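Note that the coordinates shown come from a computational prediction; the quantities given were computed from them, not determined experimentally.
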Amino acid sequence: MSAPADAQQQTIYAPAVIANTSISTVKFLSACFAGAAAGILGLVNWAGFILFLASTLFTTGVIHAVNCKGRPSKYFQGGVMEVMNPGQDNAFTFVLVWTLFYGLVEDGRGFWLFIFC
């Protein structure tokens with residue numbers, strides 16, 4: 001008779017784990033593009049974070065509809081909440097890219113300092 005730990009291990013499917021890694025990459029790229037858009041648009045304060053929230057919800061919806069075919073609990077242990085969670089690293093990436101592009105666009109000479117340094 002198998003132990004409960006063996007049953008838990010049997011539910012892990014290697015291609016699904018690899019697909020979850022690629023979904024993390026999609027969420028990371030979404031945060032990068034949202035940060036670039038916020039910086040280029042010159043958004044400040046809450047407006048930028050609202051754009052991050054909107055891009056996170058949009059990415060979650062696309063992953064939910066396309067990749068998970070409407071059943072995220074089949075592919076993620078935490079279900080839709082795990083898909084929706086942007087993660088701390090993606091939030092930091094958003095802020096980093098947001099400030100980079102805001103500095104490059106809003107202060108024109110910052111671009112030339114960035115290129116020649």
Under 3.5 Å, which donor-acceptor pairs link side chains of residues 93-102 to any protein atom two or more places apart or in another chain?
residue : atom : partner : partner atom : Å
Thr93   : OG1  : Asp89   : O            : 2.8
Trp98   : NE1  : Leu43   : O            : 3.0
Thr99   : OG1  : Val95   : O            : 3.0
Thr99   : OG1  : Leu96   : O            : 2.9

Report task. Apply side-chain hydrogen bond (donor to acceptor under 3.5 Å, both in side chains) to Thr60 and list each qualifying residue two or more places apart in sequence or on a separate chain. Result ->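 Thr60 satisfies side-chain hydrogen bond (donor to acceptor under 3.5 Å, both in side chains) with no other residue.
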Query - Partner residues of Ser30 under the side-chain hydrogen bond (donor to acceptor under 3.5 Å, both in side chains) criterion, sequence neighbours left out - result: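 By the side-chain hydrogen bond (donor to acceptor under 3.5 Å, both in side chains) rule, Ser30 matches Thr59.
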Query raised in the report: Just how far is it from atom OG1 of Thr56 to atom NZ of Lys27, taken to the nearest 0.5 Å?
Result: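 One finds 8.5 Å between OG1 of Thr56 and NZ of Lys27.
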Requested in this report: Measure the CZ-NE2 distance between Arg71 and His64 for me, rounded to the nearest 0.5 Å.
Outcome: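 Atom-to-atom, Arg71:CZ and His64:NE2 are 10.5 Å apart.
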Requested in this report: Please list all pairs passing the side-chain hydrogen bond (donor to acceptor under 3.5 Å, both in side chains) test where one or both residues lie in residues 40-55, with sequence neighbours left out.
Outcome: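 Listed by first then second residue: nothing to list.
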Query raised in the report: Sequence neighbours excluded, which residues qualify as side chain to side chain contact (heavy atoms under 4.5 Å, CB included) partners of Leu53?
Result: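 Only Leu57 meet the side chain to side chain contact (heavy atoms under 4.5 Å, CB included) criterion with Leu53.
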**Report entry** Cluster companions of Val66 among Ile, Leu, Val, Met, Phe, Trp, Tyr (side-chain spacing under 4.5 Å)
**Finding:**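 Noted: Val66 shares its cluster with Phe58, Val62.
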